[in-house]
Amino acid sequence: QVQLVESGGGLVQAGGSLRLSCAASRSIFSINAMGWYRQAPGKQRELVAVITSGSSTNYADSVKGRFAISRDNAKNTVYLQMNSLKPEDTAVYYCNARTVDALLSYDYWGQGTQVTVSS
């Protein structure tokens with residue numbers, strides 16, 4: 001069981017930056033991967049960025065070069081640094097934690113934080 005709490009969302013002008021934080025309820029060493037997803041009105045929830053327990057990262061093509069995911073294991077926190085924000089980045093951003101056992105993967109979700117980018 002993992003509880004996740006996001007923070008850092010808000011309103012920003014196009015071209016600006018925000019940093020989202022996701023605090024986990026237990027050590028992220030025990031979590032296989034953590035990531036950020038987002039969901040805009042009328043759209044499916046989509047993957048934004050993932051960081052594994054080995055610190056490898058992957059990004060959606062739409063955010064490559066602009067967003068960076070990182071983690072601080074001592075603080076049980078994952079971050080999403082968002083630069084050069086565009087109006088199309090507007091969405092609710094959700095933190096995700098994935099754990100894996102012999103048969104299944106399990107996904108845990110935070111409550112979401114709103115990011116609004118104005119033009």
Side-chain angles (χ1 to χ4, degrees):
Q1 183 68 43
V2 183
Q3 293 178 329
L4 305 170
V5 179
E6 303 102 329
S7 61
L11 175 65
V12 65
Q13 292 183 345
S17 298
L18 286 172
R19 189 178 76 159
L20 306 183
S21 298
C22 173
S25 61
R26 62 178 170 89
S27 174
I28 59 177
F29 278 122
S30 64
I31 300 171
N32 296 99
M34 297 190 69
W36 290 93
Y37 289 70
R38 67 187 181 187
Q39 188 166 24
K43 296 183 179 180
Q44 297 184 64
R45 187 173 298 186
E46 64 176 351
L47 175 68
V48 177
V50 170
I51 186 165
T52 70
S53 59
S55 296
S56 63
T57 58
N58 292 100
Y59 298 91
D61 288 342
S62 60
V63 306
K64 286 181 179 177
R66 299 189 298 120
F67 291 10
I69 189 169
S70 62
R71 70 185 190 199
D72 185 334
N73 291 340
K75 297 181 179 179
N76 294 337
T77 300
V78 172
Y79 303 96
L80 184 68
Q81 179 66 47
M82 304 186 293
N83 299 321
S84 301
L85 283 161
K86 304 174 180 179
E88 51 263 44
D89 295 318
T90 296
V92 177
Y93 284 71
Y94 297 91
C95 184
N96 166 261
R98 175 165 289 184
T99 62
V100 178
D101 65 19
L103 296 175
L104 298 171
S105 62
Y106 300 87
D107 285 298
Y108 303 91
W109 299 93
Q111 81 285 355
T113 185
Q114 177 71 48
V115 171
T116 302
V117 184
S118 65
S119 59

Check whether [X] and [Y] end up in the same hydrophobic cluster, where Ile, Leu, Val, Met, Phe, Trp and Tyr are linked by side-chain heavy atoms less than 4.5 Å apart.
X: Val63; Y: Leu47; result: no
X: Val100; Y: Leu103; result: no
X: Tyr94; Y: Leu18; result: no
X: Trp109; Y: Ile51; result: no
X: Tyr108; Y: Leu80; result: yes

Are Arg45 and Tyr37 in a cation-pi contact, defined as NZ or CZ under 6.0 Å from the six-membered ring centre and within 45° of the axis?
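No cation-pi geometry.
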Separation between [atom1] of [X] and [atom2] of [Y], rounded to the nearest 0.5 Å:
X: Leu11; Y: Gln114; atom1: CG; atom2: CD; value: 9.5 Å
X: Leu4; Y: Asn96; atom1: CG; atom2: CG; value: 7.5 Å
X: Met82; Y: Arg19; atom1: CE; atom2: CZ; value: 11.5 Å
X: Met34; Y: Thr52; atom1: CE; atom2: OG1; value: 12.0 Å
X: Ser27; Y: Lys75; atom1: OG; atom2: NZ; value: 15.0 Å
X: Asn73; Y: Ser55; atom1: CG; atom2: OG; value: 6.5 Å

For [X] versus [Y], what's the shortest heavy-atom pair and its separation?
X: Ser21; Y: Thr77; result: CB-CG2, 4.3 Å
X: Ala68; Y: Tyr59; result: CA-OH, 3.3 Å
X: Ala91; Y: Ala40; result: CB-N, 3.8 Å

side-chain contact (heavy atoms from CB on, under 4.5 Å) for Asp101 and Tyr106? Distances and angles first, verdict last.
CA-CA 8 Å; Asp101 65 19; Tyr106 300 87; 3.0 Å; yes
Please determine whether side-chain contact (heavy atoms from CB on, under 4.5 Å) holds for the pair Ser62 and Arg38, giving the CA-CA distance in whole Å, both sets of side-chain angles, and the decisive distance to 0.1 Å.
CA-CA 12 Å; Ser62 60; Arg38 67 187 181 187; 3.4 Å; yes
Quiz question: by atom type and distance under 3.5 Å, do the side chains of Asn83 and Ser17 form a donor-acceptor pair?
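Side chains of Asn83 and Ser17: pair found under 3.5 Å.
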Within-4.5 Å side-chain heavy-atom neighbours: Val78 and Ile69
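Yes. Closest side-chain heavy atoms under 4.5 Å.
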With a 4.5 Å limit on heavy-atom distance, are the side chains of Phe67 and Asp89 in contact?
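Yes, side chains in contact.
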Ignoring hydrogens and angles, tell me if any N or O in the side chain of [X] forms a donor-acceptor pair with the backbone of [Y] under 3.5 Å.
X: Gln111; Y: Glu6; result: yes
X: Arg26; Y: Ile31; result: no
X: Arg98; Y: Ala33; result: no

Residues Val117, Val115; criterion side-chain contact (heavy atoms from CB on, under 4.5 Å); working and verdict:
CA-CA 7 Å; Val117 184; Val115 171; 4.2 Å; yes
Take Cys95 and Trp36 through the test side-chain contact (heavy atoms from CB on, under 4.5 Å) and record every step on the way to the result.
CA-CA 5 Å; Cys95 184; Trp36 290 93; 4.1 Å; yes
Should the heavy atoms of other residues, nucleotides or ligands under 6.0 Å from CD of Glu88 be counted, would the total exceed 12?
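Yes, CD of Glu88 has more than 12 neighbouring heavy atoms, counting only those of other groups under 6.0 Å.
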